[in-house]
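Chain A is the first sequence line, chain B the second, and so forth, proteins listed ahead of strands; every chain is numbered from 1.
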Protein chains: 2
Amino acid sequence: MDNAQLLKGILEGCVLSIIARGETYGYEILQDLEAAGLADIGEGTLYPVITRLDKGGLISCRRAKSPLGPIRKYYSITQAGTQALEDFKARYKAISQSAEKILF
Amino acid sequence: MDNAQLLKGILEGCVLSIIARGETYGYEILQDLEAAGLADIGEGTLYPVITRLDKGGLISCRRAKSPLGPIRKYYSITQAGTQALEDFKARYKAISQSAEKILF
DNA sequence: AAAGCTACTTTGCTTTACCAAGTAGCTTAT
DNA sequence: ATAAGCTACTTGGTAAAGCAAAGTAGCTTT
């Protein structure tokens with residue numbers, strides 16, 4: 001019963017939600033997650049999530065030079081992604097309400 | 001991004017919490033979950049969770065005849081289970097608060 | 001005796017988070 | 001100038017857990 005399992009499924013929605021706030025890139029997303037309290041998310045965890053979202057057409061990608069370091073891949077949410085995010089939020093709300101009814 | 005992933009990790013804590021309310025058995029837990037809104041949890045999903053909790057010493061088991069149908073295995077929470085449930089609740093709260101900060 | 005509810009078990013599958021390591025651009029300090 | 005350190009992304013292997021499907025079986029009702 002570790003945190004990894006609790007995070008499953010939640011992380012993907014959170015990453016999508018962060019991208020929905022405006023164009024951003026992997027490293028910055030990592031910092032946003034950490035700022036929200038989801039610390040200890042490794043790069044090897046985050047980047048596959050991003051790749052999945054991209055392959056699924058929920059976000060789109062654009063390469064651009066960084067003013068500080070190697071090239072960045074900037075991501076924006078797509079229309080399909082916006083829809084998927086709404087669906088996710090609804091499902092999250094339903095499940096978390098059920099869980100809280102049982103737990104507390 | 002289906003419900004299965006969202007449920008991961010949550011289910012085990014919910015089952016433990018239901019058992020914490022008083023001695024109960026598999027089939028009844030299934031109905032309690034459904035009543036709380038966690039429908040469509042199959043037997044093939046629930047019973048492995050129970051087995052895991054039992055093997056981990058978080059619940060204890062007692063066999064008894066059912067007034068209606070085959071023999072039941074009644075489960076009660078152990079002291080270790082009570083502790084584990086408290087830990088789980090704390091971790092769940094932390095993660096769900098982070099998630100909600102990002103999502104809503 | 002057939003149907004249907006109760007009750008638990010088992011097998012194989014898929015998804016996804018994690019760890020570890022690697023590649024590489026750029027800046028700052030010694 | 002070179003080593004350290006931050007930025008930035010990639011890849012490979014592992015383990016956990018929910019799910020579908022099927023099986024076994026006791027008991028009641030029609």
Side-chain angles (χ1 to χ4, degrees), chain A residues 1-16 19 23-34 38-56 58-59 61-75 88 91 95 98-99, chain B residues 1-16 23-34 38-56 58-59 61-75 88 91-92 95 98-99:
Chain A
M1 243 167 68
D2 62 359
N3 272 341
Q5 298 305 322
L6 259 182
L7 201 58
K8 278 196 202 277
I10 296 178
L11 183 59
E12 190 165 316
C14 286
V15 170
L16 189 55
I19 295 172
E23 197 184 47
T24 184
Y25 55 96
Y27 206 75
E28 193 174 54
I29 293 171
L30 216 48
Q31 292 170 332
D32 289 350
L33 288 169
E34 204 159 330
L38 297 180
D40 304 321
I41 309 281
E43 299 172 312
T45 298
L46 175 65
Y47 287 109
V49 172
I50 293 177
T51 304
R52 232 184 294 146
L53 291 171
D54 193 21
K55 277 189 186 157
L58 305 186
I59 57 178
C61 180
R62 172 175 82 80
R63 284 162 186 281
K65 274 184 228 164
S66 163
L68 188 68
I71 282 187
R72 289 179 185 159
K73 294 170 86 171
Y74 284 92
Y75 296 97
F88 172 80
R91 281 184 298 113
I95 286 196
S98 292
Chain B
M1 243 167 68
D2 63 356
N3 272 340
Q5 297 304 323
L6 257 182
L7 201 59
K8 278 193 201 278
I10 296 179
L11 184 58
E12 190 165 316
C14 286
V15 170
L16 190 55
E23 196 183 49
T24 183
Y25 55 96
Y27 206 76
E28 193 174 56
I29 293 171
L30 217 48
Q31 293 170 333
D32 288 349
L33 288 170
E34 204 158 333
L38 296 180
D40 305 319
I41 306 281
E43 298 171 314
T45 298
L46 176 65
Y47 287 109
V49 173
I50 293 176
T51 304
R52 230 183 298 147
L53 290 171
D54 194 20
K55 277 187 187 161
L58 304 186
I59 57 178
C61 180
R62 172 174 82 79
R63 285 162 185 281
K65 275 183 230 166
S66 162
L68 185 68
I71 281 188
R72 291 178 185 160
K73 293 169 87 170
Y74 286 91
Y75 296 97
F88 173 81
R91 280 184 299 115
Y92 176 80
I95 285 197
S98 293

Checklist outcome for this item: In this structure, CG of Asn3(B) is separated from CG of Asp40(B) (nearest 0.5 Å) by 8.5 Å

Checklist outcome for this item: note: Asp32(B), atom CG; dA7(C), atom P; distance rounded to Å ~ 13 Å

Item to check | Residue Arg72(B), side-chain atoms from C-beta onward, closest of dT7(D), dT6(C), dG18(D) | outcome: dT6(C)

Checklist outcome for this item: Quick note, Tyr47(B) side chain, CB onward, closest among dT9(C), dG25(C), dA17(C) is dT9(C)

Checklist entry - Out of dT15(C), dT10(C), dA17(C), which nucleotide sits closest to the side chain of Thr45(A)? => result dA17(C)

Checklist entry - Between dT7(D) atom P and Leu30(A) atom CG, what is the distance in whole Å? => result 11 Å

Item to check | First encountered from the 5' end of DNA chain C, between Leu7(A) and Ser66(B) | outcome: Ser66(B)

Checklist entry - What's the closest nucleotide to the Pro70(B) side chain, out of dG26(D), dC19(D), dT11(D)? => result dG26(D)

Checklist entry - Would one find a side-chain N or O of Lys65(A) under 4.0 angstrom from OP1 or OP2 of dC26(C)? => result no

Next on the checklist: Nearest whole Å is fine: how far is dC18(C) P from Ile10(A) CD1?
Outcome noted: 11 Å

Checklist entry - Could you give the distance from CG (Leu6(A)) to CG (Leu11(A)), rounded to the nearest 0.5 Å? => result 12.5 Å

Checklist entry - Considering heavy-atom distances to DNA chain D, does Lys8(B) or Leu68(A) have its closest nucleotide positioned more toward the 5' end? => result Leu68(A)

Item to check | Reported CD1-to-OG1 distance for the pair Ile29(B) and Thr24(B), which is rounded to 0.5 angstrom | outcome: 5.0 Å

Item to check | Length of the line joining Leu38(A):CG and dT16(C):P, which is rounded to integer Å | outcome: 17 Å

Next on the checklist: Whether Glu23(A) and Arg62(A) form a salt bridge (side-chain N of Lys/Arg under 4.0 Å from carboxylate O of Asp/Glu) is what I want to check.
Outcome noted: yes

Next on the checklist: Can you see if the side chain of Tyr25(B) gets near the phosphate of dC8(C) - specifically, an N or O under 4.0 Å from OP1 or OP2?
Outcome noted: no

Checklist outcome for this item: With the side chain defined as heavy atoms from C-beta on, Gln5(B) is closest, among dT9(C), dT7(D), dT16(C), to dT16(C)

Next on the checklist: Heavy atoms only, 4.0 Å cut-off, all strands: where does Gly42(A) land among base, sugar-phosphate and nothing?
Outcome noted: nothing

Next on the checklist: From C-beta outward on Glu43(A), which listed nucleotide comes closest to its side chain: dA8(D), dT7(D), dA17(D)?
Outcome noted: dA8(D)

Next on the checklist: Measure OH/Tyr27(A) against P/dA24(C) and give the value in whole Å, please.
Outcome noted: 19 Å

Checklist entry - Taking atom C1' of dT11(D) as reference, at what distance in whole Å does atom CD1 of Ile50(A) sit? => result 15 Å

Item to check | Length of the CG-P vector between Asp54(B) and dT9(C), whole Å | outcome: 10 Å

Checklist outcome for this item: When rounded to the nearest 0.5 Å, the distance separating CG of Leu30(B) from OH of Tyr25(B) is 11.0 Å

Checklist entry - If you find the nucleotide of DNA chain C closest to Pro48(A) and the one closest to Pro48(B), which residue's nucleotide is nearer the 5' end? => result Pro48(B)

Next on the checklist: What is the distance, to the nearest angstrom, from the CD1 atom on Ile29(B) to the C1' atom on dC8(C)?
Outcome noted: 12 Å

